[in-house]
4 protein chains.
Amino acid sequence: MKAANKHALILSAATKVFAKKGFFNARISDIAKEAKIADGTIYLYFNNKHDILISIFDKELGAIHSQTKDMIAKENDAEIMLRIFIINYLRAMKKNKSFAGVMQLELRQTDKQIREYRDTQFAAYLNMLASIIVLGQKQNIFRSDLNPDIIKRTIYGALEETSRVWNISLESNYSLEDTIQQLFQLILAGLRVQHPVISEEPA
Amino acid sequence: MKAANKHALILSAATKVFAKKGFFNARISDIAKEAKIADGTIYLYFNNKHDILISIFDKELGAIHSQTKDMIAKENDAEIMLRIFIINYLRAMKKNKSFAGVMQLELRQTDKQIREYRDTQFAAYLNMLASIIVLGQKQNIFRSDLNPDIIKRTIYGALEETSRVWNISLESNYSLEDTIQQLFQLILAGLRVQHPVISEEPA
Amino acid sequence: MKAANKHALILSAATKVFAKKGFFNARISDIAKEAKIADGTIYLYFNNKHDILISIFDKELGAIHSQTKDMIAKENDAEIMLRIFIINYLRAMKKNKSFAGVMQLELRQTDKQIREYRDTQFAAYLNMLASIIVLGQKQNIFRSDLNPDIIKRTIYGALEETSRVWNISLESNYSLEDTIQQLFQLILAGLRVQHPVISEEPA
Amino acid sequence: MKAANKHALILSAATKVFAKKGFFNARISDIAKEAKIADGTIYLYFNNKHDILISIFDKELGAIHSQTKDMIAKENDAEIMLRIFIINYLRAMKKNKSFAGVMQLELRQTDKQIREYRDTQFAAYLNMLASIIVLGQKQNIFRSDLNPDIIKRTIYGALEETSRVWNISLESNYSLEDTIQQLFQLILAGLRVQHPVISEEPA
DNA sequence: GATGAATGAGTGTTCATTCAT
DNA sequence: TATGAATGAACACTCATTCAT
């Protein structure tokens, strides 16, 4: 990624370093070296190490969020919206694997600042998913007995774990299109209103 | 949790502390204080801080793994096996939320020792899921066009994210039974062989 | 060395360990293991780690001191006395190399207790050497222009360095008799009254 | 001593602290305080505590070694060379008593790094002494029945013990010139070819 | 007496952050 | 703006010593 200015240059370098070493094992000096600048320069653009991480989320997740939002706004069908959400997420994660790694790991930190970000910005992104499901239920496309909050998490978990394999996989790496197709198999078949579902519990 | 001996006492205390603060922010002295022992005592039972984390995984995940394995061994039907796997996982995570938190966060660390554990012990646990899917496909219960490696990740992601909500949720907390039911809606409907699946791509 | 009782057993073990690792790098547990007893047992016989070191000196150097003193008391000739001192020292160091190592290293510590020992017990031992020289000067065997305090140090340094080679030497190991003979060459030739000595200084 | 730069400043401070307390009892914070810098600054110039000690030897002993080597190279007479070696050593030790103390104590450590240094750099320095003796024997100035390896140790031991008194002495402090003169009495008288030596052993 | 588990004070080293240049 | 030397707080780990058994 070509950095337009030093702020972006640092974010890009930090994303690589965080992805490789994790936030805690990453050193400010690692980031500075990766960006080919002096350690101190970083503090002209960011308040502290945490601020860099938050800024990475702000920039990258913000971009995915607004792009997805814009694309969805142009559609009417909940199923197509869901498809857009899924494809946008997976494409972004495939394109910027470093960010994918950072997001999947660091967003889970119990750190106060991270938690705050997760509970506002990231929650808003995920709620698009809940809104799509609610819409699909209104449109009578998605089964109405599904709880949107639970399902949004279920879908997101499936998405995240799927994209996570791309970063760490020892297993053979399947193509984006294949993987998306497989995911739809599970998700849409489950969501669609016409499918009867088992209900008996095991002993 | 009542600790049978000091080894278990420390693991229990460490699990709580790691869940609350994360591995990196947790101090050895925090764990010692939680266990009401001296800092140095910890080193009579563990080699270092990392060793504690690995031991937590070994103990807790090992228990889930072997219990699930035993229960599955008694069954023939892949769908029931899948149900067992899912219920066992969710029950364990619901029961020991501290461990759930530790697992969901720390197992993703890029740290060498953690990665090693993940790539062997945890991978073996997950592969039960792939085996179940393969069996279901042989039994003609599950659709044969699904790739077990991708699907095992999809399902695990859904499970993990679902249980993760229980630890952090600001959202209302749904019951274990409700949540399991919802998950089956999606997963089994997607897996079952009789369901036709869409294939057209969006423009 | 067979220990008559536990006190001696510990001293013997400690001497070995101190010789091998040095006082600071030696662990109480190393000594306990070497003596095949429990760590705590050591504290039934010694106040602390320093006390063990001091006790080693007391026992070993005390033995050399009193034996040398007794042998010298039976002689009249200063040259023979000197010979006895030298042979006794070197024989003891050859026989108990572990103690030799401990003495050559630890007696130099700036530690308060060690310094105290060195300035009393060890100083008394060394002063036998000064007394012999003084006697030799009275007997007109040794040159009177030599300062006994300087010469005692000179001789002791030569002795110590000589015996030290036995413990560490990469160089070929000369026999005790050879080495003693060589030492006498230097020392007696220098001490004896009849030898003219150069006095001109270099430019 | 005025430190030309921070590296030298730290070495100078460390030399003082090591001389006073010994390597093991010296704290990094003691050195930092002595140098009036922060603890962490030390690690910008040295890898660890051991590295500081080795660097002290490298600098100080290296200086004595090369200076002595240069001065000896200009001479032909082994006796004069020996005189140069002795005077250089004693002058250096008299001038930098802290280093003298460090050298006399720490060079004896059984520590791996120290031993390595001793067996290479220090051994090379001492071998100058052996070479001088060999030359003197070729020149028929020194007795040929003396073993240079033993004698170099004997002389060095005498030198070291002599200079050691300057650091610790409770005894009256003799002048450098006096002491050198006394040392020559013993050493040269013993080395010189013309002196007959006793050979009879005591019973 | 003998044990060895437990203690907790002590320290080398790291690294985010600052600031004089 | 940019630098990178300097800072010093923070912490994992060690080990001499204690004491309940």
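Proteins get letters first, then strands, A, B, ... in listed order; numbering begins at 1 in each. Everything quoted here is computed from the prediction, not taken from an experiment.
Two residues, D/G40 and A/H50, neighbour DNA chain E, and the one matched to the more 5' nucleotide by heavy-atom proximity is D/G40. Residues D/F23 and A/N47 each lie close to DNA chain E; by heavy-atom proximity, the contact nearer the 5' end of the strand is made by D/F23. Projected onto DNA chain F by closest heavy-atom contact, A/A38 and C/N25 fall at different nucleotides, the more 5' of which corresponds to A/A38.
Rounded to whole Å, the distance from OH on B/Y43 to P on F/dA16 is 18 Å. Between A/I42 atom CD1 and E/dC19 atom P the separation is 18 Å, expressed in whole Å. Going from atom NZ of B/K21 over to atom C1' of F/dA10 covers 13 Å, rounded to whole Å. Regarding A/D51, its CG atom lies at a distance of 14 Å from the C1' atom of E/dA16, rounded to whole Å. Atom CD1 of B/I31 and atom C1' of F/dC13 are 13 Å apart (whole Å). Between the NZ atom of A/K36 and the C1' atom of F/dT3 there is a distance of 17 Å, rounded to whole Å. Between the CG atom of D/D39 and the C1' atom of F/dA5 there is a distance of 16 Å, rounded to whole Å. To the nearest angstrom, P of F/dG4 lies 19 Å from CG of D/N5.
Ring centroids of C/F23 and C/H50 are separated by less than 6.0 Å, placing the two rings close together. Ring pair A/H7/A/F46: centre-to-centre distance below 6.0 Å.
Within 4.0 Å of A/F46, counting heavy atoms only, lies no atom of the nucleic acid at all. Across all strands, C/F24 comes closer than 4.0 Å to no nucleic acid atom at all (heavy-atom distances). In this structure, D/I37 reaches the sugar-phosphate backbone alone: every heavy-atom distance under 4.0 Å involves primed, P, OP1 or OP2 atoms, never a base. Across all strands, B/A26 comes closer than 4.0 Å only to sugar-phosphate atoms, never to a base (heavy-atom distances). Backbone-only contact: B/I28 has heavy atoms under 4.0 Å from sugar-phosphate atoms and none from a base.
Side-chain atoms of C/E106 and C/Q109 form a donor-acceptor pair, as typed in the model, at a separation below 3.5 Å.
In this structure, A/S12 contributes its side chain and A/A8 its backbone to no donor-acceptor pair below 3.5 Å.
Closest to the C/N48 side chain, of the nucleotides E/dT17, F/dT17, E/dT14, is F/dT17. Taking every side-chain heavy atom of B/K49 into account, F/dA12 is the closest of F/dA12, F/dT17, E/dT14. Of the candidates E/dA6, E/dT18, E/dT11, the closest approach to any side-chain atom of D/R27 belongs to E/dT11. With E/dA5, F/dT3, F/dT18 as the candidates, the nucleotide lying closest to the side chain of A/L44 is F/dT3.
Side-chain nitrogen and oxygen atoms of B/Y45 include none within less than 4.0 Å of the OP1 or OP2 phosphate oxygen of E/dA5. Distances shown here put a side-chain N or O of D/K6 below 4.0 Å from the OP1 or OP2 atom of F/dA6.
Under the Watson-Crick or G-U wobble criterion, with both distances below 3.5 Å, F/dA10 is paired with E/dT13. The pairing partner recorded for E/dT21 is F/dA2, the criterion being a Watson-Crick or G-U wobble arrangement whose two distances lie under 3.5 angstrom.
At a threshold of 4.0 Å, the pair A/K20-A/E34 does not count as salt-bridged, since none of the basic side-chain nitrogens sits closer than that to a carboxylate oxygen. With respect to B/R108 and B/E160, a salt bridge is recorded, a charged nitrogen being found less than 4.0 Å from a carboxylate O.
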